[in-house]
Number of protein chains: 2
Amino acid sequence: MPPKKATDQLQTTCATCALTQFCLPMGLTERELKDLEALVKHRRIFSRGEILHQPGDFFQNFYAIRAGAVKSVTINTAGNEQVFGFYLPGEVIGFEAISTQKYPHSIIALTETSICELPFTHLMQMSKTHSGLQHQLLALASQRLTIDTCIHFTDTQQRVIAFLLNVSARLNRSAGLKRIFDLPMSRHDIGNHLGLAMETISRIIHHLKRQGLLAVHHRSIELLKIPALKALATGNK
Amino acid sequence: MPPKKATDQLQTTCATCALTQFCLPMGLTERELKDLEALVKHRRIFSRGEILHQPGDFFQNFYAIRAGAVKSVTINTAGNEQVFGFYLPGEVIGFEAISTQKYPHSIIALTETSICELPFTHLMQMSKTHSGLQHQLLALASQRLTIDTCIHFTDTQQRVIAFLLNVSARLNRSAGLKRIFDLPMSRHDIGNHLGLAMETISRIIHHLKRQGLLAVHHRSIELLKIPALKALATGNK
DNA sequence: TAAAAACATTGATCTAGATCAAGTTAAGCT
DNA sequence: AGCTTAACTTGATCTAGATCAATGTTTTTA
């Protein structure tokens, strides 16, 4: 069940949302789910380029991505952007802000993006009585710690393939990799995030295409030989 | 109050530990602290090179670093090590394992290292009634998400300086940077972690030394011009 | 619907940093 | 203490990927 378009999502409840088994509701009892639902403050749509929050903004809400995608960035003093990561449907923004009470990054919508806003203090209050929620909050923070292993690969091609497989898996949370998908972010953003030039991303993807490992048309990707791609990503050249 | 040597730490309790205000006990009431103390299963010493756990091991315990340091690594199919990060005194290992119930990495002691073992299920049980602990668990997971920003810098020198400042700050959690400290990890590990060759680390450190920004003798570092180093790290060349 | 802007590809050149290699220093071991 | 081994430094060379540049494509906006 793929997430619907951003604009279709405004009336959905947690119980009827396609992402209910991956997002915050996961593992919650029916009762807990109903209470969580009551706690959702806003459902909002951001259009491409809009900023959800800036670094230093006081941390008040989690944002659960319902449809679309955002990037997490900072701008350094020299004016250069630094892409820290991406958030895809079902993923929750805010964990990195808990300890300092301030968001550390800018969150910018990459496409039309629909989100659910959840007040943190209410969530914490609720999780005192709802132990399923308490566990799920930690589990989501945990997931976030291991979600993005691509940056750690030394080999450039490995990094790019691992990134593509990572996005594919995250877009298809239920079962394995999504074979056909659209990258929500630009080559520039991918490059920045992986510490590579945009042109290098382009060339590596082209190379994989020529080898018949995937089909590409701009941001649309089809993984053709998943086992081979996996093998390359884990370092078996 | 610097952390004592690993071997001095076996008898210490949470209440008397120098790290009490940074580690899990932070923000806990006296009552909560006493209950937490009762929950600590083991205090153990690992010597250099010893493995705390392997990837895939069933997640049962958090490990709080009391003295020393460890690295978090994986070995890929080609036999290459990949350094994911480091844990320094007061830091807690285990958050990345909550969602899958398995540790994703090997944890290897870099020096003589003393740790406190805390059973996860007991912690969760306890945090149902101790809301300070519940918050502190999330806060520590949160901290972990933002602790290691060095890898995201594009410029090589920036990455290395940011790394040194990062270690310095983490070794001196209370107040700002530690001016004089020993790196617990090898140049090789630093390089691997930052995606650079060991020789490059050596050369960049040598370069900073020649500029008079720091004093180095093997793993011992003294930060001589902190503002200048900070400026370089944030991209003002 | 056309024009503009943003994004992506492809090629040519150049340089930062990897790799290779040798020598030095420090740490662990018997 | 002296031997062995691991870690670090320094230099020379080479290459992967950055940078520069031009063109093509798609999306956005007027």
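Since the structure is predicted, the reported quantities are computational estimates derived from the model, not experimental observations.
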Legend entry - B:Lys71 with B:Asp189: basic N within carboxylate O range, under 4.0 Å: yes

Inset, instruction - Would you verify whether the NZ or CZ of B:Arg44 falls within 45 degrees of the ring axis of B:Tyr63 while also being under 6.0 Å from that six-membered ring's centre? - result: no

Inset, instruction - Would you mind reading off the distance between B:Ile221 atom CD1 and D:dC8 atom P, rounded to a whole angstrom? - result: 11 Å

Legend entry - side-chain N/O A:His188 vs C:dA8 OP1/OP2, d < 4.0 Å: no

Legend entry - B:Arg187 CZ to D:dA6 C1', straight-line distance once rounded to whole Å: 14 Å

Legend entry - Rounded interatomic separation in angstrom, taking NZ from B:Lys209 and P from D:dC8: 14 Å

Legend entry - B:Asp182 CG - D:dC8 P separation (whole Å): 12 Å

Inset, instruction - State whether a side-chain donor-acceptor pair under 3.5 Å links A:Gln54 with A:Ser106. - result: yes

Inset, instruction - Please state how far atom CD1 in A:Ile190 lies from atom C1' in C:dA8, giving the value in whole angstrom units. - result: 11 Å

Legend entry - Distance-only side-chain donor-acceptor flag, A:Ser47 / A:Glu50, under 3.5 Å: yes

Legend entry - Atom pair distance, as rounded to whole Å: CG in A:Leu110 and C1' in C:dA6: 14 Å

Legend entry - Spacing between B:Arg210 atom CZ and D:dT10 atom C1', to the nearest angstrom: 12 Å

Inset, instruction - Could you check how far CD1 of B:Ile205 sits from C1' of D:dC8, rounded to whole Å? - result: 10 Å

Inset, instruction - Anything under 30° is parallel, anything over 60° is perpendicular, the rest tilted; go ahead and classify B:His193 against B:Phe86. - result: perpendicular

Inset, instruction - Using a 4.0 Å heavy-atom cut-off, write out nucleotides 17-29 of chain C from 5' to 3' as B (base contacted by protein), S (sugar-phosphate only) or - (no contact). - result: SSBBB---SS---

Inset, instruction - Tell me, with the steps shown, if B:Phe62 and B:Phe95 meet ring-ring contact (aromatic ring centres under 6.0 Å, His included). - result: CA-CA 8 Å; B:Phe62 280 124; B:Phe95 291 104; 4.7 Å; yes

